[in-house]
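To start, the structure itself, in structure tokens.
Values in this document were obtained by computation on a predicted structure and should not be read as measured data. Note that ligands are numbered from 1 as they come in the structure, with each ligand's atoms numbered from 1 the same way.
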Amino acid sequence: MYRTHDCNSLRKTDIGKQVSLAGWVHVSRDHGGVIFIDLRDRDGLTQVVFRPEENAEVAKEAHSLRSEDVIEVSGRVAARVPGTENPKLATGDIEVIPNRLRILNRADALPFPIDAEIHNEDLRMTYRYYDLRRLRLARNLRVRHRVAKATRDYLDRQGYVEVETPILSKSTPEGARDFLVPSRLTPGKFYALPQAPQQYKQLLMVAGVEKYFQIAKCFRDEDLRADRQPEFTQIDIEASFVTPDDVFAVTEGMLAAIFKAARSIDIKTPFDRLTYHEAISRYGSDKPDRRFSVQLVDLGENFRSSSFKVFRGALDAGGVVKAINAKGFAGITTGQIEEVTEIARVFGAKGLAFIKVENGEWKSPIVKFFSESEKAALQSKLQVEEGDLILFAADKWEVACEVLGRIRLRVAEIQKLIPGSEIWDFLWVTDFPLLQWSAEENKWNAVHHPFTRPRSDDLPLLDAKKFPEIRAEAYDVVLNGVEIGGGSMRIHEPQLQEKMFEALSVSAEDRQSLFGHLLGALKLGAPPHGGIALGLDRLVMLICGENTIRDVMAFPKNNRGLDLMTHSPADVDPRQLRDLGIKLADGKKLEGRAPLRP
Ligand code: ASP
């Protein structure tokens, strides 16, 4: 037996006991011949003290110990010398006086100190097996485990069945780019790694499973960002004979169970709901952060006959005039004004009008164009006070809302309005548009995916081809301004699915070759069904208070999609390529890796 206790469990009540501990030498200090070691395992730290007068031989051996050596010690638990207790450490009242030391393994020179903040992420990723020893990351992995377990336990109690779906699946043109896997047995053909088990879970509904879930690996070949990885994990759910309310209830119950299990946090359910239209109109975002109260105010009715041409012109053209009041931000610096104006430009506005309220005066070149009644309307609608900064957008609804939404977030950041304490603001955003126009592809695309159901009251709009007006029975769940999941009711009637493919300009040929299995299944008694998928990595990131999903994944890729630890992606044995019937294009030659096998 290597140990009787972990390194976080000995207390005053254990004084006098004979114990064994095993772990890593966290730090070792030599105080005039007495060696102090903080012994670490995944649970915590315990001080081990080698005193030559107690056991000269063991103390001598302890002299050779270096950080991250792996040892086992057996000895007596003793009270620390009065005055040397460490109240910050759970085991801070005691120490272990060993009569036996076994060096289980030695550590070479360390890539970086384990208890320091390391900003070189590539270095951390190269030595990830070492990086993960750090208590914060070890804690994150455990929180992740508890989240996954609470998910399974909760959904099991609700009658959901976990079903695994294939990783080697089929490429279909929805959403992101696929990762492809060449088939050796069928040369020239490819599997695709699933971007999500969307079609499989719908097929499971046709199969009569009724309540499905899976903690599913998904793969998307996208450009990477702080919260994106080429492979990630979803909590994937689908059920038959349900309405959105049923999906909301099971998701809320599951999230409540997850927060309780992960961090003993009680979250408030049911969550508020906002339609997509309201969310955009009021917050300028389909994932509003409501932890600070600033909202977009509509001024259309007040400026409809204004003599200020910029506002009047936007309204005449069918657009909107909107504003936000950045309370107490009249002191905005020139640099900050430039920054927010740049945000406005990037998101499509021609410029950014603003008013500073200073010394009882409204300071802005545009104020002279406003009538008294327009000023009064601004005053009361935006509750303008001394020290405020009013920012305006006059444009198409989408542009004005997005611009002010982005500025709202940036100004809140600058003004430090986002509370430091933990607030868990959950929200459903419902009634997303079904379709969006892609100027690049010159066609309509599904906002969610091609299997999402239009709202029944909007079905006539589909026949009338009034695509921009059609709302979907689709929803997102948002936490503190981050989209943590999304889903929809699905199309279960083959005719409606055909109509949807038609709207998406999927040719009759492609419908058959790409989606024939689904269309066939819908014709064999498909029940009404719907579901949701939540991003497990992002959820765990928020629960752990981390800023990147990389810190809640054991072996993430870096921001260029590389695994620096195993050096993947990598060259392969040319014979492997030959077996697959694959030749690399010129300029993408193999580096001539030595064959693995003779
Ligand atoms: N499969 C969808 C996604 O990954 C989620 C869903 O509709 O359930 O976004």
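- Listed by first then second residue, pairs satisfying side-chain hydrogen bond (donor to acceptor under 3.5 Å, both in side chains) with a partner in residues 470-484 read Asp458-Arg471, not counting sequence neighbours.
- The stretch residues 436-445 participates, sequence neighbours left out, in no salt bridge (charged side-chain N to carboxylate O under 4.0 Å, His left out) pair at all.
- Salt bridge Arg177/Glu222: absent, no basic N to carboxylate O contact under 4.0 Å.
- Not a single donor-acceptor pair under 3.5 Å links the side chain of His277 to the backbone N or O of Thr275.
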Show me a pair-per-line table, with atom names and distances to 0.1 Å, of protein N or O atoms that are under 3.5 Å from an N or O of ligand 1.
| from | atom 1 | to | atom 2 | distance (Å) |
| --- | --- | --- | --- | --- |
| ligand 1 | 1 (N) | Gln198 | OE1 | 2.7 |
| ligand 1 | 4 (O) | Arg220 | NH2 | 3.2 |
| ligand 1 | 4 (O) | Gln234 | NE2 | 2.9 |
| ligand 1 | 7 (O) | Gln198 | OE1 | 3.4 |
| ligand 1 | 7 (O) | His448 | NE2 | 2.8 |
| ligand 1 | 7 (O) | His449 | NE2 | 3.0 |
| ligand 1 | 7 (O) | Arg490 | NH1 | 2.8 |
| ligand 1 | 7 (O) | Arg490 | NH2 | 3.3 |
| ligand 1 | 8 (O) | Lys201 | NZ | 2.7 |
| ligand 1 | 8 (O) | Arg490 | NH2 | 2.8 |

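- Taking 4.0 Å as the cut-off between side-chain N and carboxylate O, Lys499 and Glu502 do not count as a salt-bridged pair.
- For Glu252, the side chain to side chain contact (heavy atoms under 4.5 Å, CB included) partners are Phe248, Thr269, Pro270, Phe271, Trp428, not counting sequence neighbours.
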